[in-house]
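Sequence positions, counted from 1, serve as the residue numbers for this chain. The structure presented is a predicted model; accordingly, all values stated were derived computationally and were not measured.
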Amino acid sequence: MNTETKPDYRKTLNLPDTPFPMRGDLPKREPGWLKEWEDMGLYKRLRQARAGREKFILHDGPPYANGQLHAGHAVNKILKDMIVKTRQLKGMDAHYVPGWDCHGLPIENQIEKLYGRKLSRDEMQAKGRAYATEQIALQMEDFKRVGVLGEWDNPYKTMNKANEAGELRVFKRLIERGFVYRGLKPVYWCFDCASALAEAEIEYQDKKSNTVDVAFEAADPAKLAAAFGLKQLDKPAFVVIWTTTAWTIPANQALNLGPHLEYALVDTPKGLLVLAKARVEDSLKRFGLEGHVVATAMGDKLGGLEFKHPLYDVNEGYKRLAPVYLADYATDTDGTGIVHSAPAYGIEDFNSCVSHGLAHADILNPVQGGGSYAADFPLFGGLDIWKAVPVIIKTLDEAGRLLATSTITHSYPHCWRHKSPVIYRAASQWFVRMDEGEGVFTKDKAPETLRTTALRAIEDTAFFPPSGKTRLRDMISGRPDWVISRQRAWGVPIAFFLHKETDELHPRTMEILDQAADIIDQGGIEAWSRVTAEEILGDEDAKLYTKGNDILEVWFDSGSTFAHVLCGTHPNEHHTSGPEADMYLEGHDQHRGWFHSSLLLASAIRGRAPYRSLLTHGFTVDAQGRKMSKSLGNGINLQEANKKWGAEILRLWVAASDYSGDIAGDDKIMARVIDAYRRIRNTLRFLLANTNDFDAAKDRVPFDQLLEIDRWMLGRAAEFQKEVLEHYEAYEFHPVVAKLQLFCSEDLGGFYLDVLKDRLYTTAPGSLARRSAQTALWQLTQAMVRWMAPFLSFTAEETWKLVGNSDSIFLEEFWTFNDADKALLDKWARIRQIRELVNKDIEALRSQGAVGSSLQANVVITAPAADHALLSSLGDDLKFVFITSAVALVVGDALSVAASVSSDAKCDRCWHYVPDVGQHAEHPALCGRCISNLFGSGESRLVA
């Protein structure tokens, strides 16, 4: 009985080996890398490593210091991080200073919820600062957890004393340039905020409203008859208005008609009604009346007529007349063609009444800041305006002035914080002027209007995606003057003193602003709150002036940071081409927010935008396209995602998504992202495992001595890297992720690495053939870890610990390849095409059960002269390229492949089926090639 054991030739192979685990175990391991970065002071090391290089400044749009972060925050910060890291790897000095927006209503609302509404100004400011500080600490940890590198030990905060003072100095400069004025105008007003709102703080939602058709009786019937060309009227006459804001009827002061519209005098059982001719049929149907037109007149004939307030006979407080003003905004597309005008509660109404001579002091404004009519307002005093609507309708009906009422659902402006309906309300506010006009204390008047400057600045800005340009331009083109004052406590003060009788500013206002900025610089806004009028103005003037309590709105806070962060608390004076940031990057809603306010302020004080480019991303949505929200329960919780998948998967999700549109995510989508991560990780593991015994310092083969397929692979990698860097230059990530996966699966896994296995495993460990392959793999690893570092930051760092010669991959720059040889690339592209045909033919044998491995097949290739010459140039290495045991070439007219089953024996070591297996007496299970590689001089490889 033969007791000899069969030799284990597996031990003679150069099998792959690496400590790089197959599973990333990301949730557990990522915190360790974060700690390493923090311990080594990586961000400071990056600044030191790139000192003196060309700068790249991505200025952070400050998130609001309120509430737990969500997936949208993660998308934003990861995008910023990826862009900064690509610029860093490009060799630039790429800065990233994170920031926070700290003042404003959301924090005030939180404080009021916690402590009530009766806090003093000092208490509100103290509690606001403490609350924002607490929120920033929580949010910072979540931002750091997703791998964002930045100046975390010195972020900017709009509530920092230096930034509060800097903001006030920007405000002063705005005044000097002639852009600031005070005016009574209807502005958006939120009752929950008890303050004016800017356009950027408004969103539209559906609202149910009561419509009313209300009759105003003619005060002088004879004049009305004459306007319609009649001698007299034989019954009472009324002009009829239609509105969805019944609460404004008590404050009516005028009526507006279109000068170019035709109006009809309609005889009905309710009297003679004045209606736009085009609205007669619909209006009578709505009123439930029959009637006929007795006369018509153009609107311009009716100007100056007067009509009694509909409650004229109900209460002395309404014994006033409403004059007819001609205005183009009155149309005959809906309603009655006549617009009732309560100038305190509508911009067009306000402008029409003022332009016709109504003094500001005579404008009725009974609605108080909290949403109720003034206590002494006739009939409706003290009532909440929304609750007053049915009372008003009933009163109009009892007075015989209500012709119709119904309920409609329509799009209506709401406060984006409280989600509650807002109104236009006239209030004395401070404005930034968009067009021509005089400002206060102008010293260095800008040469053109703010609108003109801002629109020109947009033309000088690059947009990613380009559609952002049109969106921002349209918003600037049509926007009204910017109301910048708020009636709150937690914010940068508008440090004015107003005369108690005339309401004029103190003549030393500009000096006082400087003084206030210096006080705030030392002690924050709280220090200014404690300052008395006597301390600033002296005892005599203090008797005449009142210290203003308004603050600058929160968009002014963040919009001014370019001036006092980039060039102040975090100076950027060494930027190669000016103080502007290279990029602002936020969600596309910031065209009306931070992008917008920053553009206006920089245009006003510098005459140009504060940024060279704007990049916008979409919102996070679920697979059905619904915006992620807590109420729908379809959001991705940031902290849970880090525990479940790891931040690396979130980063890959962001990178793989086309951020120019909405970014979809749910468990199924994340599962696909995880699969993509595994494919990339497995490729890395193969590269690392097969270069485990490779020391580049002594084993690296010079480029011109590499085998041809290795030179081709490095050329293909150089070609691929060019594509990657072009995408990075254009701030594109999802094409890089998609192409990297294809590169890993097709160029590497599907071809090169497949071909390479035999040479890596079977040739002598230190042979030229194996070292050539390892040289190529080592360079591929060096390049690939850099390609993926911007988005797979943790995995790149993990890889770098095994292949790098510095403390972090982020201290490196993109790999430098030899120039790609186009002829070589074209040659191997054709070889791969032919290989596909060979694989197809072998697959047919496999499907028949004739072969398992492709090495069981012998192939005959009939090829035209050009292909024959190309394949012949590979010599005996051709079989390794096709991963078959034998290849024969025949010259023919057309390309064809014939695969057959090999009749030769299989080598126990390399698994090739070749005729010389068994010719060595001591190793009868080996082929001659393996004998030479193990015991002789080794085989010679020239190509593959």
Side-chain angles (χ1 to χ4, degrees), residues 209-221 223-230 233 235-246 248-249 251-310 321-343 345-353 355-356 393 396 401-406 408 410:
S209 295
N210 296 97
T211 71
V212 288
D213 288 89
V214 181
F216 288 63
E217 186 177 5
D220 190 335
K223 284 186 178 180
L224 180 60
F228 277 99
L230 302 174
L233 304 180
K235 59 172 66 173
F238 305 85
V239 73
V240 185
I241 67 94
W242 175 88
T243 183
T244 61
T245 55
T248 63
I249 294 290
N252 173 272
Q253 291 185 269
L255 297 164
N256 284 281
L257 280 70
H260 307 299
L261 300 181
E262 188 174 10
Y263 287 87
L265 189 64
V266 186
D267 190 1
T268 77
K270 290 284 183 105
L272 296 167
L273 307 182
V274 178
L275 304 165
K277 185 179 179 183
R279 304 303 305 161
V280 170
E281 184 178 346
D282 284 347
S283 296
L284 291 180
K285 184 178 179 181
R286 196 163 63 247
F287 305 158
L289 295 176
E290 297 289 332
H292 65 277
V293 175
V294 297
T296 63
M298 296 304 293
D300 58 6
K301 301 294 185 184
L302 306 179
L305 295 175
E306 291 182 317
F307 293 81
K308 296 178 182 179
H309 191 281
L321 302 180
V324 169
Y325 297 144
L326 301 177
D328 288 330
Y329 74 90
T331 69
D332 58 5
T333 56
D334 58 10
T336 63
I338 299 106
V339 178
H340 113 82
S341 182
Y345 307 118
I347 291 176
E348 291 169 320
D349 296 349
F350 178 90
N351 291 338
S352 174
C353 288
S355 68
H356 284 89
I393 292 174
L396 289 169
R401 295 296 181 259
L402 183 69
L403 294 181
T405 183
S406 65
I408 65 166
H410 59 144

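Using modelled atom types, no side-chain atom of Tyr345 and backbone atom of Asn252 make a donor-acceptor pair closer than 3.5 Å.
Once rounded to the nearest 0.5 Å, the distance linking CG of Asp220 with CG of Leu305 reads 8.0 Å. Atom-to-atom distance recorded for Thr336:OG1 and Leu257:CG is 8.5 Å, nearest 0.5 angstrom. Going from atom CH2 of Trp242 over to atom OG1 of Thr244 covers 5.5 Å, rounded to the nearest 0.5 Å. Considering CD1 of Ile338 and CG of Asp332, their distance stands at 10.0 Å, rounded to 0.5 Å. The structure places NZ of Lys223 at 13.0 Å from CG of Leu302, a figure rounded to the nearest 0.5 Å. Separation of atoms CG (Leu230) and CG (Leu224) is listed at 8.5 Å; rounding is to 0.5 Å.
Using a 4.5 Å heavy-atom threshold, the side chains of Val339 and Ile241 count as separate. Between Ser209 and His410 the shortest side-chain heavy-atom distance falls below 4.5 Å. When side chains are defined from C-beta on, Ile249 counts as touching His340, because their heavy atoms get closer than 4.5 Å. Residues Leu272 and Phe238 fail the side-chain proximity criterion, which asks for heavy atoms closer than 4.5 Å.
Judged as a ring pair (Phe, Tyr, Trp, His ring centres under 6.0 Å), and not counting sequence neighbours, His260 has no contacts. Residues that satisfy the salt bridge (charged side-chain N to carboxylate O under 4.0 Å, His left out) test with Glu306, not counting sequence neighbours, are absent from this structure. Among residues two or more places apart in sequence or in another chain, the side-chain contact (heavy atoms from CB on, under 4.5 Å) test is passed with Lys270 by Thr268, Leu289, Leu403. Remark: Thr245 pairs with Thr243, Thr248 by the side-chain hydrogen bond (donor to acceptor under 3.5 Å, both in side chains) rule, at least two apart or across chains. Partners of Lys235 according to the salt bridge (charged side-chain N to carboxylate O under 4.0 Å, His left out) rule, which considers only residues two or more places apart in sequence or in another chain, are Asp267. Considering only residues two or more places apart in sequence or on other chains, Phe216 meets the ring pair (Phe, Tyr, Trp, His ring centres under 6.0 Å) condition with none of them. By the salt bridge (charged side-chain N to carboxylate O under 4.0 Å, His left out) test, Asp213 pairs with Arg286, sequence neighbours left out. For the ring pair (Phe, Tyr, Trp, His ring centres under 6.0 Å) test, residues two or more places apart in sequence or in another chain that qualify with His309 are Tyr318. For Phe350, the ring pair (Phe, Tyr, Trp, His ring centres under 6.0 Å) test picks out His360, with sequence neighbours left out.
Taking every heavy atom of both residues into account, Pro343 and Gln253 meet most closely at CG-OE1, 3.3 Å. What you find for Ala330 and Gly337 is that their closest heavy atoms are CB-O, 4.2 Å. Minimum interatomic distance between Ala254 and Cys353 (heavy atoms only, all atoms of both residues): CB-SG, 3.8 Å. Of all non-hydrogen atoms in Phe228 and Tyr263, the two that sit nearest each other are CE2-O, 3.5 Å. Listed here is the closest heavy atom pair of Pro221 and Ala218: CD-O, 4.2 Å.
Legend: side-chain hydrogen bond (donor to acceptor under 3.5 Å, both in side chains) pairs involving residues 289-302, not counting sequence neighbours, sorted by first then second residue: Glu262-Thr296. Residue pairs satisfying the side-chain hydrogen bond (donor to acceptor under 3.5 Å, both in side chains) criterion with at least one member in residues 321-330, sequence neighbours excluded, are listed as follows: Asn256-Tyr329, Tyr329-Asp349.
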Open item on the list: Between Thr211 and Ser406, is the side-chain hydrogen bond (donor to acceptor under 3.5 Å, both in side chains) condition met? List the steps.
Closed with: CA-CA 5 Å; Thr211 71; Ser406 65; 2.8 Å; yes
Open item on the list: Please determine whether side-chain contact (heavy atoms from CB on, under 4.5 Å) holds for the pair Val212 and Leu402, giving the CA-CA distance in whole Å, both sets of side-chain angles, and the decisive distance to 0.1 Å.
Closed with: CA-CA 7 Å; Val212 288; Leu402 183 69; 3.9 Å; yes
Side chains of residues 273-284: which donor-acceptor pairs under 3.5 Å do they make with residues two or more places apart or in other chains?
from   : atom 1 : to     : atom 2 : distance (Å)
Arg279 : NE     : Gly335 : O      : 3.0
Ser283 : OG     : Arg279 : O      : 2.7

